[in-house]
Amino acid sequence: LILFFTHPKTILPRRSRPCVRTMRPGTRRVVIAMIAQDIIDSLKFEEGFSAHYYRDILGHASIGYGRCIADGVGLGITKDEAEILLRNDVARTVKELRNNFPWFRNAPEQQQNVLIEVCFQLGLPTFKKFIRMINALEREEYKRAAEELLDSRYARQCPGRVARYAERLHGYKAARR
């Protein structure tokens with residue numbers, strides 16, 4: 001999408017199919033014009049897609065369809081774009097937890113939220129290695145699950161974060177290490 005300001009009588013090309021909204025009576029209009037699909041299709045073909053970081057022909061860090069994210073050179077991503085990615089990642093994490101742990105759906109919301117955050121950070125393959133914590137969660141032994149979480153390399157790597165998770169998991173206050 002292209003966002004630009006224009007005078008109300010400006011004529012745009014028919015291909016762009018504008019959606020015109022008035023911001024406030026008496027102000028300029030904001031016109032959101034659709035970029036022609038043939039441009040998008042051509043750029044997708046020419047740039048190619050990479051779901052992961054890669055170096056473009058100039059050696060700059062890039063992602064997706066040629067989005068340069070190199071510091072000082074590229075656009076990076078906006079907070080809005082980062083939030084879209086975050087929301088998509090959280091939705092994927094919830095789906096993974098539901099598909100892999102049948103008891104997850106019946107866990108209290110507070111415990112579900114903690115598990116989503118832990119699994120989001122670690123990824124499902126690493127999360128699955130927390131066998132004793134997972135067994136405690138399945139039995140609804142949230143204090144025991146919090147203790148198991150605190151007794152992990154993850155807790156040594158991210159002590160503040162994991163202590164907060166443990167507290168939320170069962171109101172369990174961890175001793176400062």
Side-chain angles (χ1 to χ4, degrees), residues 1-3 21 30 32 35 40 43-44 47-56 58-177:
L1 292 176
I2 300 174
L3 177 66
R21 290 187 235 163
V30 175
I32 302 173
I35 299 172
I40 298 297
L43 284 170
K44 284 180 171 181
E47 293 289 341
F49 174 76
S50 178
H52 301 282
Y53 159 95
Y54 68 96
R55 293 219 175 260
D56 67 14
L58 298 175
H60 300 307
S62 299
I63 57 172
Y65 292 106
R67 167 64 73 92
C68 181
I69 58 171
D71 193 27
V73 178
L75 297 172
I77 63 172
T78 66
K79 281 190 173 184
D80 289 341
E81 290 167 326
E83 185 158 335
I84 290 168
L85 293 172
L86 177 62
R87 289 180 183 281
N88 288 341
D89 290 345
V90 168
R92 176 194 38 80
T93 302
V94 170
K95 187 175 178 180
E96 288 174 343
L97 288 166
R98 286 180 177 168
N99 290 341
N100 285 275
F101 307 103
W103 50 264
F104 175 79
R105 291 176 188 270
N106 298 324
E109 183 179 351
Q110 181 169 316
Q111 283 70 21
Q112 284 185 9
N113 292 347
V114 171
L115 299 176
I116 292 165
E117 291 182 47
V118 170
C119 190
F120 170 84
Q121 185 184 18
L122 299 176
L124 184 64
T126 302
F127 181 85
K128 284 181 164 183
K129 293 178 182 177
F130 285 73
I131 296 167
R132 291 190 308 262
M133 180 188 77
I134 292 168
N135 288 339
L137 289 165
E138 189 171 15
R139 293 188 308 269
E140 298 180 16
E141 296 172 0
Y142 300 114
K143 182 176 180 185
R144 182 73 190 146
E147 290 168 349
E148 293 296 343
L149 183 61
L150 288 167
D151 185 27
S152 67
R153 181 172 47 165
Y154 177 41
R156 291 185 292 281
Q157 292 169 336
C158 305
R161 184 177 195 163
V162 173
R164 289 187 296 275
Y165 288 158
E167 187 174 344
R168 288 171 46 207
L169 201 55
H170 187 263
Y172 186 83
K173 283 252 190 214
R176 286 277 174 191
R177 296 177 191 234

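In this chain, residues are counted from 1 in sequence order. Everything numeric in this text was worked out from a predicted model, so none of it was measured.
For S62, the side chain to side chain contact (heavy atoms under 4.5 Å, CB included) partners two or more places apart in sequence, or in a different chain, are Y54, D56, C68. Among residues two or more places apart in sequence or in another chain, the salt bridge (Lys or Arg N to Asp or Glu O under 4.0 Å) test is passed with E148 by R132, R144. Qualifying salt bridge (Lys or Arg N to Asp or Glu O under 4.0 Å) partners for R98, counting only residues two or more places apart in sequence or in other chains: none. Under the side chain to side chain contact (heavy atoms under 4.5 Å, CB included) criterion, R67 pairs with I63, I69, L75, I77, E81, sequence neighbours left out. When the salt bridge (Lys or Arg N to Asp or Glu O under 4.0 Å) test is applied to E138, no partner is found at least two apart in sequence or on another chain. P108 pairs by the side chain to side chain contact (heavy atoms under 4.5 Å, CB included) definition with Q111, Y142, not counting sequence neighbours. Under the salt bridge (Lys or Arg N to Asp or Glu O under 4.0 Å) criterion, R55 pairs with no residue, sequence neighbours left out. Contacts of E117 classified as side chain to side chain contact (heavy atoms under 4.5 Å, CB included), with partners at least two apart in sequence or in another chain: Y165, R168. Applying the side-chain hydrogen bond (donor to acceptor under 3.5 Å, both in side chains) test to R139 and every residue at least two apart in sequence or in another chain returns E141.
With rounding to the nearest 0.5 angstrom, the CG atom of L124 is 8.5 Å from the OG1 atom of T93. Here the straight-line distance linking atom CG of L97 with atom CZ of R92 works out to 10.0 Å at 0.5 Å rounding. Atom CD1 in I134 sits 11.0 Å away from atom CG in L149 (nearest 0.5 Å). In this structure, NZ on K143 lies 12.5 Å from CG on L169, to the nearest 0.5 angstrom.
Atom CG of N88 has more than 12 neighbouring heavy atoms from other residues, nucleotides or ligands inside a 6.0 Å radius.
For E83 and R87, the salt-bridge test passes: some basic side-chain N is under 4.0 Å from an acidic carboxylate O.
Between M133 and S152 there is no side-chain heavy-atom pair separated by less than 4.5 Å.
Nearest approach of A146 to H170, heavy atoms of both residues: CB-CB, 4.5 Å. When all heavy atoms are compared, the tightest approach of V94 to I116 is CG2-CD1, 3.5 Å. In this structure, C119 and E96 approach most closely via the heavy-atom pair SG-OE1, 4.5 Å.
Residue pairs satisfying the ring pair (Phe, Tyr, Trp, His ring centres under 6.0 Å) criterion with at least one member in residues 65-91, sequence neighbours excluded, are listed as follows: F49-Y65. Sorted by first and then second residue, the salt bridge (Lys or Arg N to Asp or Glu O under 4.0 Å) pairs with a member in residues 104-116 form an empty list; sequence neighbours excluded. The ring pair (Phe, Tyr, Trp, His ring centres under 6.0 Å) contacts involving residues 90-114 comprise F101-W103, F101-F127, where partners must be two or more places apart or lie in separate chains.
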* To do: Assess whether side-chain contact (heavy atoms from CB on, under 4.5 Å) is satisfied between V118 and F130, documenting all intermediate values.
  => CA-CA 11 Å; V118 170; F130 285 73; 5.7 Å; no
